[in-house]
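These numbers come from a predicted model, not from an experiment. Just so we're on the same page: letters track the sequence lines, and every chain starts at 1.
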Number of protein chains: 2
Amino acid sequence: MDNIKIRKRKQVAKGETLLSHGDIATYAYRVESGCLKSYVIDNSGKEHILQFAPEGWLISDVDSFTNNKPTVIFIEAIENSEVSFIGQEDYRDFSRLDKDVLIEMSKKYRNNMIATHKRIIALLSATAEERYVEFTETYPTLVQRLPLKLIASYIGITPEYLSDLRRKIAKK
Amino acid sequence: MDNIKIRKRKQVAKGETLLSHGDIATYAYRVESGCLKSYVIDNSGKEHILQFAPEGWLISDVDSFTNNKPTVIFIEAIENSEVSFIGQEDYRDFSRLDKDVLIEMSKKYRNNMIATHKRIIALLSATAEERYVEFTETYPTLVQRLPLKLIASYIGITPEYLSDLRRKIAKK
DNA sequence: CTTAAAAATTAAGATACCTTAAGAAATGCA
DNA sequence: TGCATTTCTTAAGGTATCTTAATTTTTAAG
């Protein structure tokens, strides 16, 4: 799903939204520079981050993109970024794809699955503090780069509580 | 990853374990009858269910199976079951697979990804009560079939608290 | 530089969910 | 049918995490 053909590119300003709740994900995006996030908004209006996508990452709502149904998520630039577009057309019919492309794609799906499973394990079985430490170990560069409130949202806690945790950790 | 060739089958008694923390997942299992679960055990000894696998489902630790590394999960029969075995060998080298098999596999990975993403959204943004209701709507047959304590474990709460929630829901 | 905006901290009170423990109900096997 | 086992419920007290709100610190725009 990566290096297939020359694609349309676009500059996206920090704060700009590429996909909103209710839209159909006509595109997946490859981040060429900068960083995007995907998130949901819950019943009480709070935002929960699903994914960060720095350079080289893909971001979309796979369900919406694949099945052409309205999405429940948002995708937004958290830095000034450049993205390239991947259209649905190319992935409508798998049988038309080259075998190597299929293999590439399978591996990407599989890697995503593995990462997503890890996150579920963390959410089910680790404390907030453990999840924060795990995040800093898994994504050290993102920790430097992103505001803490976004990391708090990703690991499933409030920024205030993350602040408490950091103080507690520092005291050790 | 499904209907590829005749595979070895085995009866598994309720309570029997097919994969333990530290093992390498030499096999994936297809459940022919009965039901299995996969789970992790957290630092304080509590069990958290990752997946239920009734008839027709596959279950394994994809990371361990794919990358031949020790697993962190357990797989265990929760009913007397029959499973068939899928070996690592067949999936070591994607380029040797038929194109249709690859397509099948991609779709399975993709569907799993989509389902797993949904679960993350639920864990991040829904209350315990909302997650329980969503579970009953998504897996009505499993609700009939499984003890509540297993469902509680899957949605990330204690059985006692699920009991409270059910009483609260019934009162409405 | 200066200043407005965004991010991070701190603290106090609130709540969702957990722990423990005990009893009631349901299930399965002899 | 009866007993043992597992499951489910109930309740009281506890803890992790949240809410609100005010203050400080950092960042970025002019």
Side-chain angles (χ1 to χ4, degrees), chain A residues 13-16 34-35 37 39 41-49 52 76-81 122-136 142-172, chain B residues 13-16 34-35 37 39 41-49 52 76-81 122-136 142-172:
Chain A
K14 178 176 176 173
E16 199 175 321
C35 193
K37 67 178 173 183
Y39 61 96
I41 294 189
D42 71 20
N43 292 333
S44 60
K46 266 158 272 152
E47 170 179 326
H48 303 272
I49 295 184
F52 295 116
E76 186 182 318
I78 54 186
E79 298 174 0
N80 293 322
S81 305
L123 285 171
L124 285 174
S125 72
T127 63
E129 179 173 343
E130 289 165 342
R131 297 199 303 275
Y132 173 65
V133 171
E134 185 178 331
F135 185 91
T136 60
L142 288 183
V143 175
Q144 314 279 74
R145 188 170 169 182
L146 300 177
L148 287 174
K149 57 186 266 203
L150 296 186
I151 294 170
S153 171
Y154 182 92
I155 65 180
I157 63 178
T158 59
E160 295 82 3
Y161 188 52
L162 177 54
S163 197
D164 289 351
L165 289 180
R166 282 161 52 85
R167 186 166 22 141
K168 258 185 54 189
I169 292 170
K171 267 193 198 148
K172 289 181 184 167
Chain B
K14 177 175 175 172
E16 199 174 322
C35 192
K37 67 178 174 184
Y39 61 96
I41 294 188
D42 72 20
N43 292 334
S44 60
K46 267 160 270 154
E47 171 178 327
H48 304 272
I49 295 185
F52 295 116
E76 186 182 319
I78 54 187
E79 297 174 0
N80 293 322
S81 306
L123 285 171
L124 285 175
S125 72
T127 62
E129 180 174 343
E130 289 165 342
R131 296 199 303 274
Y132 173 65
V133 171
E134 185 178 330
F135 185 92
T136 60
L142 288 183
V143 176
Q144 314 280 74
R145 189 169 167 182
L146 301 177
L148 286 173
K149 57 186 266 201
L150 296 185
I151 294 170
S153 170
Y154 182 91
I155 65 180
I157 63 177
T158 59
E160 294 82 3
Y161 188 52
L162 178 54
S163 197
D164 288 351
L165 289 179
R166 282 160 52 85
R167 187 170 17 143
K168 257 184 55 189
I169 292 170
K171 266 192 198 147
K172 290 181 184 169

**Message:** Pick the closest DNA chain C nucleotide for A:Arg166 and for B:Leu162 by heavy atoms, then say which residue is nearer the 5' end.
**Reply:** A:Arg166
**Message:** Testing A:Arg167, A:Arg166, A:Lys168 one by one against A:Glu129 for a salt bridge (Lys or Arg N to Asp or Glu O under 4.0 Å), which residue passes?
**Reply:** A:Lys168
**Asked** Side chain of A:His48, backbone of B:Ser125: donor and acceptor closer than 3.5 Å?
**Response** no
**Request:** Apply side chain to side chain contact (heavy atoms under 4.5 Å, CB included) to the pair A:Lys37 and A:Glu47, showing each step before the final yes or no.
**Result:** CA-CA 11 Å; A:Lys37 67 178 173 183; A:Glu47 170 179 326; 2.8 Å; yes
**Asked** Just the endpoints, please: which first and last nucleotides of DNA chain C, 5' to 3', lie under 4.0 Å from a heavy atom of chain A?
**Response** C:dA7 to C:dA11
**Request:** State, to 0.1 Å, how close A:Ser81 and A:Cys35 come at their nearest heavy-atom pair, and which atoms those are.
**Result:** OG-N, 3.0 Å
**Item:** Closest non-hydrogen atom pair between A:Arg131 and A:Gly156, with its separation
**Value:** NH2-O, 4.0 Å
**Request:** Indicate whether OP1 or OP2 belonging to D:dT10 is found under 4.0 Å from a side-chain N or O atom of B:Arg167.
**Result:** yes
Polar atom pairs between nucleotides 23-28 of chain D and protein, under 3.5 Å, N or O only, would you list them?
none

Return the value, rounded to whole Å, for the distance between atom [atom1] of [X] and atom [atom2] of [N].
X: B:Tyr161; N: D:dC8; atom1: OH; atom2: P; value: 18 Å
X: A:Tyr132; N: D:dT17; atom1: OH; atom2: P; value: 15 Å
X: B:Leu165; N: D:dT9; atom1: CG; atom2: P; value: 11 Å
X: A:Glu129; N: D:dT17; atom1: CD; atom2: C1'; value: 13 Å
X: B:Lys171; N: D:dT10; atom1: NZ; atom2: C1'; value: 11 Å
X: A:Leu123; N: D:dT17; atom1: CG; atom2: C1'; value: 14 Å

**Prompt:** Taking C-beta and beyond as the side chain, do B:Tyr132 and B:Ile157 meet within less than 4.5 Å on heavy atoms?
**Reply:** no
**Asked** Is the closest side-chain heavy-atom distance between A:Glu160 and A:Asp164 below 4.5 Å?
**Response** no
Quick check for you: to the nearest 0.5 Å, what is the distance between [X] atom [atom1] and [Y] atom [atom2]?
X: A:Asn43; Y: B:Thr127; atom1: CG; atom2: OG1; value: 8.0 Å
X: A:Arg145; Y: A:Ile78; atom1: CZ; atom2: CD1; value: 8.0 Å
X: B:Ile155; Y: B:Leu123; atom1: CD1; atom2: CG; value: 9.5 Å
X: B:Lys46; Y: A:Leu124; atom1: NZ; atom2: CG; value: 12.5 Å
X: A:Leu150; Y: A:Leu142; atom1: CG; atom2: CG; value: 10.5 Å

**Prompt:** Residues two or more places apart in sequence or in another chain: which of them pass ring pair (Phe, Tyr, Trp, His ring centres under 6.0 Å) with B:Tyr39?
**Reply:** B:Phe74
**Prompt:** Who pairs with B:Phe135 by ring pair (Phe, Tyr, Trp, His ring centres under 6.0 Å), at least two apart in sequence or on another chain?
**Reply:** B:Tyr139, B:Tyr154
**Fill in**
Expected list for residues 147-158 of chain A near DNA chain D, using heavy atoms below 4.0 Å, is A:Gly156, A:Ile157, A:Thr158
**Prompt:** Which part of the nucleic acid does A:Lys46 contact within heavy-atom distance under 4.0 Å: base, sugar-phosphate only, or nothing?
**Reply:** sugar-phosphate
**Asked** Quick one: on DNA chain D, does B:Glu160 or A:Thr127 contact a more 5' nucleotide (nearest heavy atom)?
**Response** B:Glu160
**Request:** Quantify the bending of the helix from C:dC1-D:dG30 to C:dA30-D:dT1 as the angle between its end axes, each fitted on five pairs, to 10°.
**Result:** 60°
